[in-house]
2 protein chains.
Amino acid sequence: MASRDTQHEKLTEAQDRFVASWGQMAGAWGISRTMAEAHALLYITGKPMNTDEIMDRLQISRGNASMSIRALLDWGIISRTHKRGDRKEYFEADQDIWSMFRSIVRERMKREVEPLLATLFEIRDSSPAPDEASGDQQKELLAHQKRLEEMLSFLQTMEKLSHRFVSPSGSGLELAAKLLTKFDK
Amino acid sequence: MASRDTQHEKLTEAQDRFVASWGQMAGAWGISRTMAEAHALLYITGKPMNTDEIMDRLQISRGNASMSIRALLDWGIISRTHKRGDRKEYFEADQDIWSMFRSIVRERMKREVEPLLATLFEIRDSSPAPDEASGDQQKELLAHQKRLEEMLSFLQTMEKLSHRFVSPSGSGLELAAKLLTKFDK
DNA sequence: TGGTTCTTTCAGAATAAATTGAAACAAGAC
DNA sequence: GTCTTGTTTCAATTTATTCTGAAAGAACCA
């Protein structure tokens, strides 16, 4: 039987590997590696940690740790805690992956899709009107309008979908997802 | 009534704005701005364009254009065409947004989620076994396993979902999405 | 109040990613 | 074969992003 220490080493190693692979994926999604690693660390250890512990474990500077933690708080996927008799702030990750996922989707819609939608509406409204043209040009303008409309309609559907399932209150998504995969093939 | 030239200027301006806002969003999703802009340009103009036209319109180098186009082809959201009597290659964007969306999701799952899943399985299998420990340590190892399992189960559900709806053949997603937003609240 | 502990900020440094441009490569045409 | 036209590659450069560390800012205590 493995010793307590060996077990603990292996656990730490597994955690580190989890953190690293999580961080690796982050880049592909426009999230900074450190931010993702901090989140992964809090998630996989399950323990509240303070800034110094996170700094030490991830080998990052105090400034970086502070900013990454702040960003995770803004995303709503970690929260502050306190330890009796300790003035330091502790942070812990939301342990419910689906709720975490909802937070991320909600934020990304708000930050990226909503502004894009607003811009596209503007563009549509300032595009030349087809009815003032004729012949080939009219055709071209109509096609332009159609493409804009289709993009708008797609994004609006996505928006509604996300509100429907990802709203602060309603869960449902998890159930729906699992049900949908039931009817496989 | 506006002159043909004014109309055309306005159309070009609207296209440029579309291209710019599309490119802007790309960064947030881990896609290079230029690649997104090239795609937006092909989508919004609806016309097949060759490398030189894309270079000129986006003000980028030949090398950059070539690499961005290649990447879009790899993603399967643009395709090659040819013009009679012209040796240049032309490129055109898939005009169906939902099919485009399916291609993107399919590729991202393949490139990012699948490898992550593989790594997580490995990590799970090399994590220390709880049954060789006792007391608090056993509890800790069990909790670690549980967190890994939940993450794996989440990602697997996502994988299945994406295969279900995003598969090369089946569409369905569009209909499902629209239906789901029908029962709005 | 001054002292202590912890947190945030931000200019500059380090690092990573995108872009260029020229050379190498391909595919006809003749 | 050579010449022409079009495409790809990649080392060097430019640009953008992330990270650091020290200083400033809070919050609490006695």
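Chain naming here is simple, since letters A, B, ... match the order of the sequence lines and numbering starts at 1 in each. In this text, all values refer to a predicted model and were calculated from it rather than measured experimentally.
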(message) Quick check on contacts: within residues 75-85 of chain B, what sits under 4.0 Å from DNA chain D by heavy-atom distance?
(response) none

(request) Check which hydrophobic residues are tied to Met55(B) through side-chain heavy-atom contacts below 4.5 Å, counting indirect links as well, and list them. (result) none

(request) May I ask you to check whether over 12 heavy atoms, not counting those of Lys83(B), lie within 6.0 Å of atom NZ? (result) yes

(message) Could you work out, with ring-ring contact (aromatic ring centres under 6.0 Å, His included) as the rule, every residue matching Tyr43(A), not counting sequence neighbours?
(response) none

(message) So, using side chain to side chain contact (heavy atoms under 4.5 Å, CB included) as the criterion, who are the partners of Glu107(B) when residues are at least two apart?
(response) Trp75(B), Lys110(B), Arg111(B)

(message) Run the ring-ring contact (aromatic ring centres under 6.0 Å, His included) test against Phe121(A) and tell me which residues pass, sequence neighbours left out.
(response) none

(request) Using heavy atoms to find the nearest nucleotide of DNA chain D for Arg87(A) and Arg62(A) separately, return the residue whose nucleotide is more 5′. (result) Arg62(A)

(request) Not counting sequence neighbours, which residues clear side chain to side chain contact (heavy atoms under 4.5 Å, CB included) with Glu112(B)? List them please. (result) Met25(A), Ala28(A), Trp29(A), Arg108(B)

(request) Could you give me the CA-CA distance, side-chain angles and deciding distance for Lys47(A) and Glu53(A), then say whether side chain to side chain contact (heavy atoms under 4.5 Å, CB included) is met? (result) CA-CA 11 Å; Lys47(A) 292 195 208 309; Glu53(A) 289 167 337; over 6 Å; no

(request) Please list residues of residues 66-73 of chain A whose heavy atoms come under 4.0 Å from any atom in DNA chain D, ordered by number; otherwise none. (result) none

(request) Run through Lys88(A), Arg62(A), Arg57(A) and flag the one making a side-chain hydrogen bond (donor to acceptor under 3.5 Å, both in side chains) with Asp52(A). (result) Arg62(A)

(request) Could you work out the complete set of other residues in the hydrophobic cluster of Leu141(A), with links drawn between I, L, V, M, F, W and Y side chains under 4.5 Å apart? (result) Leu11(B)

(request) Could you tell me from which nucleotide to which nucleotide of DNA chain D, 5' to 3', there is an atom under 4.0 Å from chain A heavy atoms? (result) dT18(D) to dA27(D)

(request) Return the set of residues passing side chain to side chain contact (heavy atoms under 4.5 Å, CB included) with Thr34(A) (not counting sequence neighbours), or none when no residue passes. (result) Ser32(A), Ile60(A), Asn64(A), Ser68(A)

(request) Go through residues 21-51 of chain A and report each residue with a non-hydrogen atom lying under 4.0 Å from DNA chain D, sorted by number. (result) Ser32(A), Arg33(A), Thr34(A)

(message) For a 4.0 angstrom threshold against heavy atoms of chain B, report the outermost contacting nucleotides of DNA chain C in 5' to 3' order.
(response) dA18(C) to dA27(C)

(request) State plainly whether the residues Glu122(A) and Arg17(B) are in salt-bridge range, i.e. N to O under 4.0 Å. (result) yes

